[in-house]
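When a residue number appears, it is its place in the shown sequence, counting from 1. Bear in mind that the values here come from a model prediction, so they are computed numbers and not experimental data.
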Amino acid sequence: MKAASSPAKAALEQGDALTPRFDAHGLIAAVTTHAITGEVLMLAWMNAEALARTLATGEAHYFSRSRNELWHKGATSGQVQIVDEIRIDCDQDAVWMKVRPQGDGGACHTGAVSCFYRAIEDGKLVRK
């Protein structure tokens with residue numbers, strides 16, 4: 001039997017209001033995939049401003065934890081990410097963005113298409 005949920009939980013999980021639940025540092029995880037291939041491109045973080053700018057412009061904006069600043073993906077590299085769709089998870093503490101990468105199609109600062117370009121095999125990293 002499913003436990004009864006509170007009105008607030010029901011609104012969060014089933015309602016139509018966007019009410020992101022940012023963590024103690026004011027951040028929410030953002031998983032980014034290629035809109036056409038479905039490949040996972042990157043995992044980054046967004047603060048409220050990054051999410052708002054993404055929604056307003058249709059281009060991905062993130063928050064850099066290492067630089068402690070807002071970051072418009074592709075502003076310097078040309079690898080702008082045009083957002084096709086944004087989904088938010090059931091408890092609104094993570095987003096999934098489906099994007100169309102511009103420029104050379106890369107997403108990783110190393111030049112790779114995806115930040116997930118290595119697999120773990122026998123305890124070692126192997127480039128894929």
Side-chain angles (χ1 to χ4, degrees):
M1 177 184 282
K2 187 175 177 182
S5 64
S6 70
K9 183 174 180 181
L12 178 73
E13 294 177 351
Q14 304 299 325
D16 60 3
L18 177 61
T19 54
R21 295 178 46 216
F22 297 96
D23 69 12
H25 302 287
L27 301 174
I28 191 170
V31 176
T32 305
T33 62
H34 195 291
I36 297 168
T37 68
E39 182 176 15
V40 176
L41 300 176
M42 54 190 283
L43 168 69
W45 298 93
M46 297 177 125
N47 62 5
E49 183 179 5
L51 181 57
R53 285 197 187 185
T54 299
L55 292 169
T57 66
E59 295 182 357
H61 289 73
Y62 301 101
F63 183 81
S64 170
R65 296 181 303 168
S66 60
R67 295 187 313 265
N68 196 35
E69 65 184 18
L70 191 69
W71 155 46
H72 176 204
K73 178 64 177 159
T76 57
S77 68
Q79 298 171 335
V80 171
Q81 294 176 341
I82 305 297
V83 178
D84 275 6
E85 182 179 22
I86 301 176
R87 295 188 185 196
I88 196 157
D89 75 336
C90 56
D91 55 358
Q92 298 198 37
D93 65 0
V95 296
W96 169 20
M97 297 196 307
K98 297 178 183 183
V99 304
R100 286 176 287 116
Q102 304 300 294
D104 66 6
C108 186
H109 74 280
T110 66
V113 170
S114 168
C115 291
F116 296 91
Y117 57 88
R118 296 178 290 179
I120 303 168
E121 295 180 5
D122 297 323
K124 295 183 180 171
L125 298 178
V126 179
R127 192 173 184 104
K128 294 288 183 168

Determine, using the 4.5 Å side-chain heavy-atom cutoff (strictly less than), whether Leu51 and Ile88 are members of one ILVMFWY cluster. yes

In short, Arg127 meets Ala112 closest at the heavy-atom pair NH2-CB, 4.2 Å

As an exercise, state the distance from CD of Gln81 to NE2 of His72, rounded to the nearest 0.5 Å. 9.0 Å

Is the closest side-chain donor-acceptor distance between Glu69 and Tyr62 under 3.5 Å? no

I'd like to know if the side chain of Asp122 reaches the main chain of Lys124, judged simply by a donor and an acceptor atom lying under 3.5 Å from each other, with no hydrogens or angles considered. no

CG of Leu41 to NZ of Lys73: how many Å apart, nearest 0.5 Å? 9.0 Å

Given Glu39 and Thr33, is the side chain to side chain contact (heavy atoms under 4.5 Å, CB included) satisfied, shown in steps? CA-CA 5 Å; Glu39 182 176 15; Thr33 62; over 6 Å; no

Donor-acceptor under 3.5 Å (Gln92 side chain, Leu12 main chain): yes

Are any non-hydrogen side-chain atoms of Ile28 and Asn47 less than 4.5 angstrom apart? no

Side chain to side chain contact (heavy atoms under 4.5 Å, CB included), that's the test. Do Leu70 and Arg53 meet it? Break it down for me. CA-CA 10 Å; Leu70 191 69; Arg53 285 197 187 185; 3.2 Å; yes

Enclosure of Leu125 CG (heavy-atom neighbours >12, cutoff 6.0 Å): yes

Shared ILVMFWY cluster between Trp71 and Ile86, side chains joined below 4.5 angstrom? yes

N/O donor-acceptor pair under 3.5 Å between Thr54 side chain and His61 backbone: yes

So, are Glu59 and Arg100 salt-bridged, with charged N and O less than 4.0 Å apart? no

Backbone of Trp45 reached by a side-chain donor or acceptor of Arg65 within 3.5 Å: no

Phe116 with Val113, same ILVMFWY side-chain cluster at under 4.5 Å: no

Could you check if a side-chain atom of Asp104 sits within less than 4.5 angstrom of a side-chain atom of Gln79, using non-hydrogen atoms only? yes

Quick check against the 3.5 Å criterion: does His34 have a side-chain atom that pairs as donor or acceptor with the backbone of Ile36? yes

Side-chain donor/acceptor of Ser114 to backbone N/O of Tyr117, under 3.5 Å: no

Hydrophobic cluster identity match, Met46 and Leu55, side-chain contacts under 4.5 Å: yes

Within the structure provided, determine whether Lys98 and Val83 are in side-chain contact (heavy-atom separation under 4.5 Å). no

Any idea which heavy atoms bring Cys115 and Ala107 closest together, and the distance? SG-O, 4.3 Å

Hydrophobic cluster membership, Phe63 vs Met97, 4.5 Å side-chain cutoff: no

